[in-house]
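Take a look at the structure set out below.
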There are 2 protein chains.
Amino acid sequence: MINKDSVQNTSIINNLTKYVTFSDEELDNFFELGELATFKKNQTLVHKGKESSPFILIKQGCLMTSYIDEGDFRHVIQFGIDNWWTGDLNSFMNNEPSIYSIKAMTDVEVLTWNKENFDLLCAFSPNFERYFRILFQNSLISHQKRIIRNISFSAEQKYLTFLKNYPKLELIVPQKCIASYLGITPVFLSNLRKKLSGK
Amino acid sequence: MINKDSVQNTSIINNLTKYVTFSDEELDNFFELGELATFKKNQTLVHKGKESSPFILIKQGCLMTSYIDEGDFRHVIQFGIDNWWTGDLNSFMNNEPSIYSIKAMTDVEVLTWNKENFDLLCAFSPNFERYFRILFQNSLISHQKRIIRNISFSAEQKYLTFLKNYPKLELIVPQKCIASYLGITPVFLSNLRKKLSGK
DNA sequence: TGCTTTTATTAATCTAGATTAACAATTCAT
DNA sequence: ATGAATTGTTAATCTAGATTAATAAAAGCA
């Protein structure tokens, strides 16, 4: 059974209560409405164009969200690690097929909520509404910063910022995925790394 | 007095109630805690690095948010028009000086909330918490789409998408601001427009 | 363990878009 | 209306980063 008493949930609870104070009952509800799942490295949790995306909280491991364009070209749009929320929000909220695919970059343990249970959670207590308001708000702020970087940074600046923001990912994720996330080619990233290492 | 009865507020109310059902009392509160203000074209409502940003709802007109980098180079990061929310969210929420500057591109009429009143509003009714949760959620979805465009679109595709998304802005806003928003140079946008007009 | 597939590197060439600069067209203030 | 300042255009040149292709290294699998 998944509930707040599981020792392993302490880090998630710490994260939840960073923004909002939840009662024990609320926390119980949170875990009871979620579903625990594990995936092996390289498994795909959400298939582009097929099922709708759940709302995903990563307990441990790393997920990669990517978008495949008309030319069948894959663009990495997000990495998620321990304690991060991820998923195709639009797909989740409107029960549409996901436009992204979400893949496990390591063995991964996640909690997922479907739309129905998410709605129950929000209906159960406005504290959840508040929690997600703040979660989305913060995510919005970091998305805005990312857009600024996209518009105004050189490839080198983008890469260095990435290393600063996600120090652990460099070791976990293939270089070509990092290149894609940054919007540059793997060949150019390789050149860049060579140049930087010689500095 | 600003309240829900003002004829001129109907379009704002329609917008609010698109997501959440509000009581008359809630709507009264919403307008009473907000402050009505008008600005002339080219006036700056929020100065980068000085005051913190309010949370702004545009009643009518057009606002432009821009970021000035270390090299004193201006990057337009958002346009806002009738019924849009805008402001430096991070500055607003944490009472820090704004990192953006926000300028009126036309004569403009806005409603603004300071952090204190925003908190009162959310404390007054969870419906507001819910409204802003959904507002930020939708904004997040469109920011993600914009990031995909940034990463994967050519300058031409970006410009054509911009025209589709903001058909009215082309006439209101100087071309160089549109170029900046798209992350290209005004010279290149000019070339692009010439090429497109010849098609 | 060796074989296959995927990923990373290196080098050569190419191009979308930047930069510079000079000129034309608008906009703005008096 | 008129001159000054801002914005837009055009053309020439330059460069960050893309593309292609061949090779090396690493990872996955029987």
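A note on names: the letters A, B, ... follow the listed sequences, proteins ahead of strands, and every chain is numbered from 1.
Using cut-offs of 30° and 60° for the angle between ring planes, the A:Phe132 and A:Phe55 rings count as tilted. Between B:Phe73 and B:His75, the two ring planes are tilted [angle within 30° to 60°]. Using a 30° and 60° split on the angle between ring planes, B:Phe92 and B:Phe118 fall in the perpendicular class, above 60°. Classification of the B:Trp113-B:Phe30 ring pair by plane angle, with boundaries at 30° and 60°, yields tilted.
Side chain of B:Thr17 to backbone of B:Val20: no donor-acceptor contact under 3.5 angstrom is found.
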Legend entry - CA sep, side-chain torsions, deciding dist, call: B:Glu170, B:Arg193, salt bridge (Lys or Arg N to Asp or Glu O under 4.0 Å): CA-CA 12 Å; B:Glu170 206 193 358; B:Arg193 283 167 50 87; 3.0 Å; yes
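When each of A:Asn9, A:Asn83, A:Asp82 is tested with A:Lys59 by the rule side chain to side chain donor-acceptor pair (under 3.5 Å), just one qualifies, namely A:Asn9.
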Listing, residues 47-54 of chain A side-chain donor-acceptor contacts under 3.5 Å, not counting sequence neighbours, or none:
{"unit_1": "A:His47", "atom_1": "ND1", "unit_2": "A:Glu51", "atom_2": "OE2", "d": "3.2"}
{"unit_1": "A:Glu51", "atom_1": "OE2", "unit_2": "A:His47", "atom_2": "N", "d": "3.0"}
{"unit_1": "A:Ser53", "atom_1": "OG", "unit_2": "A:Asp88", "atom_2": "N", "d": "3.0"}

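The ring-ring contact (aromatic ring centres under 6.0 Å, His included) check on B:Phe79 picks up B:Tyr181, with sequence neighbours excluded.
Following rounding to the nearest Å, A:Asn191 (CG) and C:dA11 (P) show an atom-to-atom distance of 9 Å.
Looking only at side-chain heavy atoms (C-beta outward), A:Leu169 and A:Ile81 come within less than 4.5 Å of each other. Residues A:Phe153 and A:Thr161 meet the side-chain proximity criterion, which asks for heavy atoms closer than 4.5 Å.
Between B:Asp107 and B:Lys41 no salt bridge is recorded (no basic side-chain N to carboxylate O distance below 4.0 Å).
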Quick one: which protein N/O atoms are closer than 3.5 Å to N/O atoms of nucleotides 23-30 of chain C? Pair and distance per line, please.
none

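Annotation: proximity of residues 183-190 of chain A to DNA chain C (heavy atom, distance under 4.0 Å) is found for A:Val187, A:Ser190, numbered in ascending order. For the segment residues 163-176 of chain B, the set of residues with a heavy atom within less than 4.0 Å of an atom of DNA chain C is empty.
When DNA chain D is scanned 5' to 3' for any atom under 4.0 Å from a heavy atom of chain A, the first and last hits are D:dG17 to D:dG28.
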